[in-house]
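Everything on this sheet refers to the single structure shown next.
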Amino acid sequence: MEYRFHEIEKKWQQYWEDQQIYKVEVDPDKPKYYVLDMFPYPSGAGLHVGHPLGYIASDIFARYKRMEGYNVLHPMGYDAFGLPAEQYAIQTGQHPATTTDENIRRYRAQLSQIGFSFDWNRELRTCDPKYYKWTQWAFIEMFEHWYDNKRDQARPIQELKDIFAREGNAHIDAASDEVSLFSAEQWNNMSEKQQQQILQNYRIAYLADSMVNWCEALGTVLANDEVKDGVSVRGGHPVVQKTMKQWSLRVTAYADRLLEGLEQLEWSESLKEIQRNWIGRSRGAEIRFQVQGSSQTFDVFTTRPDTLFGVTFMVLAPESELTRQLTTSEHQDRVEAYVGKATSRSERERITDTQRVSGEFTGNYALHPFTGEPLPIWVSDYVLIGYGTGAIMAVPAHDERDHEFARHFDLPIRPVIEGGGDPMEKAYDSLDGKVINSRFINGYTAREAIPEIIKELEKQGLGKEKVNYRLRDAIFSRQRYWGEPFPIYFKNGMPYPLDKSKLPLELPEVDAFKPTQDGRPPLARAKNWQTEEGYPLEESTMPGFAGSSAYYLRFMDPHNNQALVSEQANQYWRNVDLYVGGIEHATGHLIYSRFWNKFLYDIGWVCEDEPFKKLINQGMIQGRSNFVYRIKGTNQFVSYNLKDDYDVTPLHVDVNIVDNDVLDIEAFRKWIPEYQDAEFILEDGKYICGVGIEKMSKSLYNVINPDDIIQKYGADTLRMYEMFLGPIDMSKPWDTNGIDGVYKFLRKFWRLFHDRQGQFTLSDDEPGEDEMKTLHKTIKKVREDLEAFSFNTAISAMMIAVNELSSMGCNRRQILMPLLRLLTPFAPHIGEELWHRDGNQTSVVDAPLPDYQEKYLQEETFTYPVAFNGKMRFKLELPVDITEEKVREIVLNHEKAQKWLNDKTPKKFIFVPNKIINVVV
RNA sequence: GCCCAGGUGGCGGAACUGGUAGACGCGUUGGACUUAAAAUCCAAUGGCCAUACGAUGGCUGUGCGGGUUCAAGUCCCGCCCUGGGUACCA
């Protein structure tokens, strides 16, 4: 019987489901291993061949760990809230829940065909109220906690209230917004509303006026990671900066821990680097400047306090409150005009326009903290409101941007570090030069001067050491429908959390999914969107990353209605041992879920500080596009190698009607009506298409659907071919042409177990030495490659084994059955079929992975390459335990050596045992 | 601009701590089997050159230019290119 993959795959998928083979439970007798994929957003387009790449890799690893005796948790679910379903709903009126549900069903069907070892009992979707109950729950917890910098931990807000009532806020060191000092007495005399207002400054989930990214086209604000190059990541719509009252999560409180936690993680260096840059920790000083003729002061942040004596002017961000306060009346009109222009520009315009220097003098001066020299205060858009204090001290001699600004407005440039060239020409930013013209820090190098001047600033109360982060708090409100409602109501204008017993607060029905006439979010359309007592509920919903921030915890205990995860389940599964997903989540999901997890850790709900111990980024599968070349102004197409003789337009052609770059002309004529009468100029009777590597996309006609591949070759072939394509973490183009190789391999493998008549036959004869050697070296290699996630080379090794065993005519049970177990993680269907054909009654999924024995790998001889002056000339088989003297004698007297020795005595003889022999002449 | 990856045949990709470059697979060419096709199997396959033919020999070759070494795809220096991150972050 031949290899009938359709039959086999269907049969065993059914068996696995019927027998609940992949169902897992907490089992204290077994070590746990948690393998997780980044769960997909179920889009309307379904899966293409690039999506399962990571799932296949993680599935192979999960199966491998299971065969090694681990209790493996390997779940799958859906990140089901999101913009595409809602945009579609706005266009069609179709409820996003309906389209989402349809898409999920399609995903599930596609995934099921590939033969994953998912425990579908644990399937979850973020839009399910039973799930988002816990998203809302976590939000309330964040609302009810503040961050204590002294303990480096989130603590209940009630504690903070107690402290305020006892001693005011003077001794609190919290991650908070700027709060003025108050005493216990003042606190106790405040109204409820005033107290609530103060507490907002401390809460980890807080409502505040903040500068947000407003996207008009999507009708919502976006977080920093959802904006790139000044446009929204989803949809590419323009984004502007705007001040709005919005919910935020105080991610910055955890900046240091997010940074330091990276050290212990097994993530790729580049991913860690992206997170480090995103967090952007920099150490420097905060320095206080006094405004001339006023008692007012303001702070600036600088990483170069050593250049303090080189300050010649100050610059404020246009959006800064200080700009308004410090502008003198004579300069009011001009500054206002400038600020108006700067702030109305979109982010995109601002970015594309970074070269042009612009600014305005406020008319006011600040005093140098040490010299008392008056320094003009300017306003310019090169200073950002979001970083540091929104104000800088400008040192044009040693900062490129300040230099450009000074040159443009003809402001003085005063060098204080030795070693640069002409200070008028170029800013010199090295830390190695000697400090000059700087009083008490003269003579130090710039690097040494930094702690010295900070010491002095602190002594005189003029400033202090300061660590600054680029990371911003996460804006958590979206003015959209298809997301989690906030469990928040408003009383007297202040937000209060719903009682947890009221959760989940379910998404209400609305008559349309767009904003109201007066610009309020879609939830404002809901009838009775208020509490039982009649207090209005929050109208925004949560962003996409809300639901994905703790889903890995929910998978541990997905049906628990009492808690996000039970203590028992959490203690057992702990955290994710292996996480597989795309690098595009580096600054979003992977920051937020680490933050979320650390918060839950602080409040004692989870037992691990980091959620994802090891992480593998799978590369993108690119599309391999084919092109035809139409001669301009005709309906004539010319084959690839002849196209240069004509004036042609390259056109994408559906890769599904091209085989090995040869166009199926009949299919092409039928493909699009306008090509019906197309004519062709052929080469060798064929039409050869051009090739290009692009991203896989419908519009480029290069999408390969896994369903089609499975239909033609089977799931095992698809799984193996995706892995065989190359290392998992590299991007590579999909080219269906190569798939024959692994398909042939599986058939060849199958044939080893069958005789000529197709009868399953294995022999119990003792295997020969060469057979044992093939088996054991393959086990060794595949095991090493599994650990190293080098699945492409593991597959090559098994191909080599099958080639060798085929030519030996091996059909020994002792060889083939271990080899089968080795193959099973990669190709589980064929594994299960042959396992059962051999008479086993239980699933191969729990069969142990074979071990190799060193004794079969030992060699008695080694074939040495013999090189002369580093060039390999001939090979020589020698015993492995031979001495150098003996080798020397044999080599130098070898007849083939004479030609290279040329009667000369060798200068040097190099012998590296079991590696190489090199003779230097 | 800065930071991080990476550049190896016609293609996807191998090559452990420097030690036979091109494993494995695709494609291509030739052959066997077949009435034929499919399937299967065998052989060749980086480039260039020489040669009497065969299982012959040489030169050259891992983005480019230098260097270290008995030996460099691998290490060092200086460039170029591709991909990703970031974008006035003080």
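These numbers come from a predicted model, not from an experiment. Below, chains carry the letters A, B, ... as their sequence lines are ordered, and counting in each starts from 1.
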Establish, with yes or no, whether the OP1 or OP2 oxygen of [N] is under 4.0 angstrom from a side-chain nitrogen or oxygen of [X].
| X | N | answer |
| --- | --- | --- |
| A:Asn792 | B:A14 | yes |
| A:Ser282 | B:A90 | yes |
| A:Lys781 | B:A23 | no |

Distance in angstrom units between [X] [atom1] and [N] [atom2], rounded:
| X | N | atom1 | atom2 | result |
| --- | --- | --- | --- | --- |
| A:Gln622 | B:G12 | CD | P | 10 Å |
| A:Glu404 | B:G1 | CD | C1' | 11 Å |
| A:Glu784 | B:U17 | CD | P | 12 Å |
| A:Tyr713 | B:A39 | OH | C1' | 13 Å |
| A:Glu787 | B:C16 | CD | P | 19 Å |
| A:Met798 | B:A14 | CE | P | 15 Å |
| A:Trp734 | B:C11 | CH2 | P | 20 Å |
| A:Trp750 | B:U40 | CH2 | C1' | 17 Å |

[X] has a side chain; which of [options] sits nearest to it?
| X | options | result |
| --- | --- | --- |
| A:Val920 | B:C4, B:C70, B:U86 | B:C70 |
| A:Ile916 | B:U20, B:G27, B:G13 | B:U20 |
| A:Glu273 | B:A90, B:C70, B:C4 | B:C4 |
| A:Met799 | B:G25, B:U86, B:U20 | B:G25 |
| A:Tyr382 | B:C88, B:C41, B:A90 | B:C88 |
| A:Lys748 | B:C41, B:G19, B:A90 | B:C41 |
| A:Lys908 | B:C70, B:C24, B:A14 | B:C70 |
| A:Asn918 | B:A23, B:C70, B:G12 | B:C70 |
| A:Lys732 | B:A90, B:G85, B:G13 | B:G13 |

Using atom [atom1] in both nucleotides, what's the gap between [N] and [M] to the nearest angstrom?
| N | M | atom1 | result |
| --- | --- | --- | --- |
| B:U20 | B:U40 | P | 34 Å |
| B:A38 | B:C53 | C1' | 37 Å |
| B:A5 | B:G63 | C1' | 16 Å |
| B:G9 | B:G73 | P | 14 Å |
| B:G12 | B:C64 | C1' | 25 Å |
| B:G18 | B:A71 | C1' | 8 Å |
| B:G13 | B:C26 | C1' | 11 Å |
| B:A14 | B:G7 | C1' | 16 Å |

Using the ring centroid of each side chain, check whether A:Tyr721 and A:Trp734 are separated by less than 6.0 Å. yes

Taking the six-membered ring for Trp and the single ring otherwise, decide whether the centroids of A:Phe909 and A:Phe911 are under 6.0 Å apart. no

Syn or anti for B:G9? Use the chi torsion, O4'-C1'-N9-C4 for purines and O4'-C1'-N1-C2 for pyrimidines, with syn inside 90° of 0. syn

Compute whether any side-chain donor of one residue and acceptor of the other, for [X] and [Y], lie under 3.5 angstrom apart.
| X | Y | answer |
| --- | --- | --- |
| A:Asn626 | A:Asn702 | no |
| A:Ser731 | A:Gln622 | no |
| A:Ser282 | A:Tyr387 | yes |
| A:Ser790 | A:Thr793 | yes |

Would you call the rings of [X] and [Y] parallel, tilted or perpendicular, where under 30° means parallel and over 60° means perpendicular?
| X | Y | answer |
| --- | --- | --- |
| A:Phe405 | A:Tyr382 | tilted |
| A:His368 | A:Phe289 | perpendicular |
| A:Phe5 | A:Tyr743 | perpendicular |

Could you tabulate the donor-acceptor pairs under 3.5 Å formed by side-chain atoms of residues 391-398 of chain A, not counting sequence neighbours?
unit_1, atom_1, unit_2, atom_2, d
A:His398, ND1, A:Tyr428, O, 2.8
A:His398, NE2, A:Val416, N, 2.9
A:His398, NE2, A:Ile417, N, 3.2

Can you check whether A:Leu876 reaches A:His894 side chain to side chain, under 4.5 Å on heavy atoms? yes

Is there side-chain contact between A:Asp225 and A:Trp278, with heavy atoms separated by less than 4.5 Å? yes

Under 4.0 angstrom, heavy atoms only, what part of the nucleic acid is [X] near: base, sugar-phosphate, or nothing?
| X | answer |
| --- | --- |
| A:Lys915 | base |
| A:Arg873 | sugar-phosphate |
| A:Ser268 | nothing |
| A:Lys744 | sugar-phosphate |
| A:Leu725 | sugar-phosphate |
| A:Arg747 | sugar-phosphate |
| A:Ile910 | base |

Is the side chain of A:Arg414 donor-acceptor paired with the backbone N or O of A:Thr312 at a distance under 3.5 Å, no angle test? no

Residue closer to the 5' end of RNA chain B, A:Phe862 versus A:Arg751 (nearest nucleotide): A:Phe862

Could you pick out which residue, A:Pro865 or A:Asn803, lies toward the 5' side of RNA chain B when each is mapped onto its nearest nucleotide? A:Pro865

For A:Ile916, give me all partners under side chain to side chain contact (heavy atoms under 4.5 Å, CB included), at least two apart in sequence or on another chain. A:Pro865, A:Val912

Base B:C88 paired with A:Asp381 side chain (donor-acceptor, <3.5 Å): yes

Every protein N/O within reach of nucleotides 30-33 of chain B N/O, cut-off under 3.5 Å:
none

Stem ranges of RNA chain B by first residue number, counting only runs of at least 3 Watson-Crick or G-U pairs under 3.5 Å, come to B:1-7 with B:80-86, B:10-12 with B:24-26, B:27-32 with B:40-45, B:46-50 with B:56-60, B:63-67 with B:75-79

Please say whether more than 12 non-hydrogen atoms of neighbouring residues, nucleotides or ligands are located less than 6.0 Å from NZ in A:Lys777. yes

Mind jotting down which residue pairs meet the side chain to side chain donor-acceptor pair (under 3.5 Å) criterion with at least one end in residues 911-921 of chain A? Sequence neighbours excluded, please. none

Hey, can you pull the residues of residues 463-472 of chain A with a non-hydrogen atom under 4.0 angstrom from RNA chain B? A:Arg470

